[in-house]
Student: 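After the structure tokens below, expect a handful of questions from me.
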Amino acid sequence: MLKTGSGPVSVAVYGDQDKPALVTYPDLALNYASCFQGLFMCPEALSLLVHNFCIYHISPPGHEWGAAAISYEYESSEPSVDDLADQIVEVLDYFGLGEVMCMGVTAGAYVLTLFATKYKQRVLGLILISPLCRAPSWTEWLYNKVMSNLLYFYGMCSVVKEMLLKRYFSKELRGNSLVPESDIVQACRKWLDDRESINVMHFLEAINRRTDISEGLKKLRCRSLIFVGEDSSFHSEAVHMATKLDRRFSALVEVQACGSLVTEEQPHAMLIPLEYFLMGYGFYRQSHMSVSPRSPLSPSCISPELLSPESMGLKLKPIKTRISLEV
């Protein structure tokens, strides 16, 4: 637990700190274990990410395991999304890190993107899953306000859990009266029981007060790779974000039959796009664990065709997929 100017922040570090840094930030009410476990449990992802990076899992305030309720004397003292982005800088400075690779999911993706727009020289690349970049619509704002009030008055009740599970997963995984919900959803439901509701409410309020950062996206110096589930409620946000990023240095991949939490629902669908994206930086999968064919292309230039369903053998549906990693 680190103390920063805007409050304490939890950081879990995995790997050799002499390696390049990968910073992760989870979605609302999740932490690194419940948000990225599916991806990091894939042997292929493990050989690619852990082999090349030291991973710094940053959790939103009060989202780490066993966290106590955080109280603020005044509403104005609650951390904003800008405060959360500034916390990341303090974490990097504490560990003596320069440029870092970033991976975030939805609310966490917004915080990392905001961080990238404010501190461009500190970000090597962005890997964003079902990201946000605009201010909340009236529908989302009202939905979040209802959830916030429920968290305040009733805690992590069954209604809030259903709202969050709908946010994370596709309808198929959540099940219905005839089909039971999947093991992943059941596990997530148990994880939510361990969350301190007031801390979730504070993060939700910060995200609900976010501003539109669309215009700052074209000024980003780093490359970006966006994943979004076809059934994600934030699908239109991801598509909008892709249109605002520099087309030369960004790619958007849609994952079919998947909700927002691609890292848990269909982590294998992320592997090959991730591998080719990181090849542009000179990062490769550990050779003795490699199971995918090595591309004959130069790592510094990735053809859009490589992200097609036919070439991957995966259930992916790129939307105007475009990527060029030439600097």
Side-chain angles (χ1 to χ4, degrees), residues 1-2 4 8-17 19-42 44-65 67 81 84-95 97-116 119 122-132 168 188 191 195 203 206-207 222-229 234 238 260-267 269-271 273-275 277-278 281 283:
M1 183 71 69
L2 299 179
T4 67
V9 58
S10 174
V11 185
V13 183
Y14 292 91
D16 182 353
Q17 289 183 266
K19 293 180 178 181
L22 171 64
V23 172
T24 73
Y25 211 106
D27 191 19
L28 176 71
L30 302 176
N31 58 25
Y32 69 90
S34 51
C35 195
F36 299 101
Q37 179 174 268
L39 178 63
F40 282 93
M41 283 185 68
C42 294
E44 297 90 345
L46 194 68
S47 66
L48 177 64
L49 299 176
V50 179
H51 175 64
N52 288 293
F53 297 99
C54 178
I55 301 165
Y56 297 79
H57 294 296
I58 301 178
S59 293
H63 279 54
E64 66 276 9
W65 296 118
V81 285
L84 298 178
D86 293 340
Q87 277 187 340
I88 297 173
V89 179
E90 295 189 58
V91 169
L92 301 192
D93 290 343
Y94 176 84
F95 288 104
L97 303 174
E99 282 187 313
V100 298
M101 187 72 69
C102 297
M103 179 187 294
V105 178
T106 311
Y110 179 89
V111 174
L112 289 175
T113 306
L114 178 61
F115 163 68
Y119 304 96
R122 304 299 292 268
V123 180
L124 187 63
L126 288 171
I127 302 166
L128 306 172
I129 298 93
S130 305
L132 308 170
Y168 306 146
C188 188
W191 283 328
R195 298 279 74 79
F203 188 32
I207 291 298
C222 62
R223 304 161 186 168
S224 305
L225 177 61
I226 299 175
F227 295 92
V228 64
F234 304 107
S260 299
L261 204 55
V262 184
T263 51
E264 292 296 311
E265 191 165 345
Q266 290 202 38
M270 298 177 63
L271 295 176
L274 268 178
E275 183 170 10
F277 178 72
L278 294 176
Y281 296 91
F283 297 124

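Any value given below was found using the heavy atoms of this structure, including those in side chains, with hydrogens, waters and symmetry copies removed. None of these values were measured; they are calculated from a predicted model. Throughout, numbering of the chain's residues begins at 1 and tracks the sequence.
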Student: Any chance you could lay out the side-chain contact (heavy atoms from CB on, under 4.5 Å) test for L92 and Y119, step after step, and finish with the verdict?
Tutor: CA-CA 11 Å; L92 301 192; Y119 304 96; over 6 Å; no
Student: Would the distance check show the side chain of K19 and the main-chain N or O of V50 forming a donor-acceptor pair, the cut-off being under 3.5 Å?
Tutor: yes
Student: Taking all non-hydrogen atoms of both residues into account, name the closest pair between L97 and A21 and its distance.
Tutor: CD1-CB, 3.9 Å
Student: Should V9 and E90 be marked as a side-chain contact (heavy atoms from CB on, under 4.5 Å) after you check the CA-CA gap, both sets of side-chain angles, and the distance that decides it?
Tutor: CA-CA 10 Å; V9 58; E90 295 189 58; over 6 Å; no
Student: What distance do E275 atom CD and M270 atom CE have between them, rounded to the nearest 0.5 Å?
Tutor: 13.5 Å
Student: Roughly how far, to the nearest 0.5 Å, is the CH2 atom of W65 from the OG atom of S59?
Tutor: 9.5 Å
Student: If the condition is side chain to side chain contact (heavy atoms under 4.5 Å, CB included), which residues does A107 pass it with, not counting sequence neighbours?
Tutor: D27, R167, F203, I207
Student: Could you tell me whether a side-chain N or O of R122 sits under 3.5 Å from a main-chain N or O of G98, the two making a donor and an acceptor?
Tutor: yes
Student: Write down the atom of G229, the atom of V262, and the distance for their closest heavy-atom approach.
Tutor: N-CG2, 3.8 Å
Student: Where does the angle between the aromatic ring planes of F277 and Y281 fall among parallel (under 30°), tilted (30 to 60°) and perpendicular (over 60°)?
Tutor: perpendicular
Student: Might you work through the side-chain contact (heavy atoms from CB on, under 4.5 Å) test for N52 and L278, ending with a clear yes or no?
Tutor: CA-CA 10 Å; N52 288 293; L278 294 176; 5.7 Å; no
Student: Using 30° and 60° as the class boundaries, would you call the ring planes of H57 and Y32 parallel, tilted or perpendicular?
Tutor: parallel
Student: Donor-acceptor pair, distance only, cut-off 3.5 Å: does the side chain of S130 make one with the backbone of T106?
Tutor: no
Student: Once rounded to the nearest 0.5 Å, what's the spacing between atom CG of L261 and atom CG of L39?
Tutor: 10.5 Å
Student: May I ask you to decide if S34's main-chain N or O and N31's side chain share a donor-acceptor pair within less than 3.5 Å?
Tutor: yes
Student: Keeping the roles fixed (side chain from Q37, backbone from E264), state whether a donor-acceptor pair exists under 3.5 Å.
Tutor: no
Student: If you compare all heavy atoms of H63 against all heavy atoms of A29, which two are closest, and at what distance to 0.1 Å?
Tutor: NE2-N, 3.2 Å
Student: For a side-chain contact (heavy atoms from CB on, under 4.5 Å) with F115, tell me which candidate from L126, L84, V89, V81 qualifies.
Tutor: V89
Student: Roughly how far, to the nearest 0.5 Å, is the CG atom of D16 from the CD1 atom of I55?
Tutor: 12.0 Å
Student: Taking side chain to side chain contact (heavy atoms under 4.5 Å, CB included) as the definition, give me every residue that meets it alongside Y94, ordered by chain and number, with sequence neighbours left out.
Tutor: L2
Student: Are F95 and V23 packed together at the side-chain level, in the sense that at least one heavy-atom pair is separated by less than 4.5 angstrom?
Tutor: no
Student: Donor-acceptor check, side chain of T113 to backbone of A109, threshold 3.5 angstrom: yes or no?
Tutor: yes
Student: Which heavy-atom pair separates A45 from L271 by the least distance, and what is that distance?
Tutor: CB-CD2, 3.5 Å
Student: Side-chain contact, heavy-atom cut-off 4.5 Å: P61 with Q87?
Tutor: yes
Student: Is there side-chain contact between F227 and L274, with at least one heavy-atom pair below 4.5 Å?
Tutor: yes
Student: Enter the distance from L112:CG to I58:CD1 here, rounded to the nearest 0.5 Å.
Tutor: 7.5 Å
Student: Heavy atoms, side chains only, cut-off 4.5 Å: are I88 and Y25 in contact?
Tutor: yes
Student: Considering the options C188, C35, S260, which one meets the side-chain contact (heavy atoms from CB on, under 4.5 Å) requirement together with Y168?
Tutor: C188
Student: Would you say H51's side chain and L49's backbone share a donor-acceptor pair under 3.5 angstrom?
Tutor: no
Student: Hey, what do you get for SG (C102) to CG (L22), rounding to the nearest 0.5 Å?
Tutor: 8.0 Å
Student: Could you tell me whether the side chain of L30 reaches within less than 4.5 Å of the side chain of F36, counting heavy atoms only?
Tutor: no
